[in-house]
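Structure first, commentary second.
Counting starts at 1 for both ligands and their atoms, following the listed order. Residue numbers start at 1 and run along the sequence shown.
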Amino acid sequence: MLVVGSLNMDQVVRVPHLPALGETLLGAGSLKLVPGGKGANQAVAIARLGAEVTIAGRVGTDPFGDRLLKALQAAQIDTGQIVLDEQEASGVAFIFLAPDGNNSIVVAAGANMRLGQDQAQLERIFAEIRTAKALVLQLEIPLETVKLLTSVAHEAHIPVILNLAPAQPLPQATLQQVSVLVLNETEASLLSGQRVDSTEDARIVATVLHEHGIASVVITLGARGAILVTTDESGKPHSIYQEAPKVKVVDTTAAGDCFVGALAVALTEGQTPEEALRFAVYASALKVTRFGAQSGLPTREEVIAAYY
Ligand code: ADP
Ligand code: NA
C-alpha cells in the first residue's frame, strides 16, 4: 500500500493555561517531541495492523527530519519515497495543552507543502502508484497534488482511499475518482453544507455524497462508531452502521488516522465492507484507550485480542 502525505514533528508543551496575547508563560512543562502528521500516522497504523506500506513525502534536512524518518523505519515502513528538502524545514506542529483539555495548535507545514513541486519525485510516486494495492491520501499536502495523484491512480484502476482531513473543499471530479472517502462529522458537515449531529444525519449526508458519485463514503462518529454507504449487489445504495465499543478514553489523538489505516488494510485484504468497517471501529476504539499519536496505535494482534 502507498501513503502519500504529511510528516510533522509535534512539539508539545503542557501549560497552566493557554497564553493570552503578549503573555509570557513561565513554569510550563518541558518540551515533548512526538512524531506525527496524518500521512505518517496512517502509515504507522497500516504497518502495525500487518500490511506492507510505503510512504512518500518530504522532510527538511534538519534533525526533526531525521527523527521523523527513523520513527517510520522503526515501524517497518518503506521510506524510500521520502525526499530531503534542501529549502524548507520539516513540518512542525506547536501544541500547547491546558489542564482543562483545551489546546492551541500552530502548524508550520514546511516541506510538506512542497510535495508536488519536484517533478522527479512525482514521477517516482506515479510509478509506485501503478503497482500499489491502494493509494491512501489526506489533505495536509497541496490540494493540487492530491487531485493529480487521485487522477493517476484512477486511470491505473488503483483504489484511492481519501481522508478529507483537515476539511477542505475538493472538486466533484476528484471526489468521483475516489473509491472510499473517509470524513468525521465536522468534515462531513463542511463538505455537504448540512448539519451532522446524529447517526441519522450522517446516514443522510453519506447517502447524498454517494449519490453524487463517490463509490463508498464513511463518516466517523467518535464514540458512536461509524457509518458506511456503498452500493450493494443489486446496485442500490446500502448503509452499514457499526457501533463503537464502550472504552475508557485516554487520548483521542490519531483516532481518525487509526481508523483510516485499519479500513485501508481490511479492504485491500478483501474483507467485506461490513467486516472492514468493524475492524476500523475496533482498532480506533482501542487507540483512544492509549496515550500518544503513533506510539498509541495498536497492532493487529492487540485488536484481535481485545475484540474478536
Ligand atoms: P477524528 O479523530 O478524525 O475526529 P472521530 O472522532 O470520529 O474522528 O474518531 C474516529 C474513530 O475513532 C471513530 O469512528 C471511533 O471508531 C473511534 N473513536 C473515537 N472516539 C471514540 C470513543 N470515545 N470511544 C470509542 N471509539 C472512539
Ligand atoms: Na472527533
Side-chain angles (χ1 to χ4, degrees), residues 3 5-6 8 10 34 36-42 44-46 48-49 93 95 101-103 105 107 136-140 161-168 180-192 195-203 205-206 209 216-229 239-267 271 273-298 300 302-304 306-308:
V3 176
S6 56
N8 286 326
D10 294 347
V34 189
K38 288 182 192 298
N41 292 348
Q42 293 180 15
V44 172
I46 291 166
R48 292 255 171 93
L49 294 168
I95 304 174
N102 285 322
N103 59 41
I105 303 179
V107 176
V136 179
L137 295 168
Q138 327 72 32
L139 304 184
E140 288 184 338
I161 297 156
L162 174 66
N163 179 208
L164 199 92
Q168 288 164 79
V180 186
L181 181 71
V182 184
L183 352 76
N184 67 16
E185 291 162 285
T186 314
E187 291 147 7
S189 174
L190 280 164
L191 185 66
S192 66
R195 292 171 63 105
V196 184
D197 293 334
S198 67
T199 306
E200 201 39 44
D201 290 350
R203 190 190 306 274
V205 165
L209 291 171
S216 299
V217 178
V218 181
I219 301 181
T220 64
L221 304 163
R224 281 178 286 120
I227 193 155
L228 181 152
V229 175
S239 76
I240 305 161
Y241 170 64
Q242 176 63 52
E243 196 179 4
K246 301 254 172 302
V247 297
K248 187 171 169 291
V249 179
V250 173
D251 181 4
T252 60
T253 314
D257 294 331
C258 183
F259 184 97
V260 172
L263 192 72
V265 168
L267 289 173
Q271 294 191 30
E274 276 90 351
E275 291 164 345
L277 187 68
R278 189 177 312 138
F279 186 61
V281 166
Y282 288 173
S284 52
L286 190 53
K287 160 67 208 57
V288 306
T289 67
R290 296 143 60 127
F291 181 77
Q294 292 174 13
S295 61
L297 292 165
R300 177 185 292 250
E302 289 167 337
V303 177
I304 289 169
Y307 296 117
Y308 286 85

Here the pair of heavy atoms bringing A202 nearest to I219 is O-CD1, 3.5 Å
Numbered in order shown, the ligand 1 atoms found under 4.0 Å of a heavy atom of G225 are 13 (C), 14 (O)
Exercise for the section: Check whether any side-chain heavy atom of N184 lies under 4.5 Å from a side-chain heavy atom of E187, and answer yes or no. Expected result: yes
| request: Say whether P245 and ligand 1 are in contact under the criterion: heavy-atom distance to a ligand atom below 4.0 Å. | output: yes
So the atoms of ligand 1 within less than 4.0 Å of a heavy atom of L221 turn out to be 7 (O), 14 (O)
Polar atom proximity, T252 to ligand 1 (N or O, under 3.5 Å)
no
The answer for which part of T220 has a heavy atom under 4.0 Å from ligand 1 is both
A student checking ligand 1 against A223 at a 4.0 Å heavy-atom cut-off should list atoms 20 (N), 21 (C), 22 (C), 23 (N), 24 (N)
Are V3 and Q138 packed together at the side-chain level, in the sense that at least one heavy-atom pair is separated by less than 4.5 angstrom? yes
> Does CD belonging to E275 count more than 12 external heavy atoms closer than 6.0 Å?
Replying inline: yes
Less than 3.5 Å between some nitrogen or oxygen of G222 and one of ligand 1, yes or no?
yes
Here the atoms of ligand 1 under 4.0 Å from any heavy atom belonging to V249 are 23 (N)
Residues at least two apart in sequence or cross-chain that pass ring pair (Phe, Tyr, Trp, His ring centres under 6.0 Å) with Y282, listed by chain then number, are Y307, Y308
Counting only nitrogen or oxygen atoms and a 3.5 angstrom limit, does A285 reach ligand 1?
no
Nearest heavy-atom contact between P298 and K287 is CD-CB, 4.2 Å
The atoms of ligand 1 lying under 4.0 Å from a heavy atom of V247, numbered in the order shown, are 24 (N), 25 (C)
**Message:** Between V196 and L183, does the side-chain contact (heavy atoms from CB on, under 4.5 Å) criterion hold? Intermediate values first, please.
**Reply:** CA-CA 11 Å; V196 184; L183 352 76; over 6 Å; no
Query raised in the report: Considering distance alone, does some N or O of G256 sit under 3.5 Å from an N or O of ligand 1?
Result: yes
Under 4.0 Å between heavy atoms, the region of V281 that gets near ligand 1 turns out to be both
Under 3.5 Å, sequence neighbours excluded: what are the donor-acceptor pairs made by side chains of residues 252-263?
| from | atom 1 | to | atom 2 | distance (Å) |
| --- | --- | --- | --- | --- |
| T253 | OG1 | D251 | OD1 | 2.5 |
| D257 | OD1 | Q42 | NE2 | 3.0 |
| D257 | OD2 | N41 | ND2 | 3.0 |

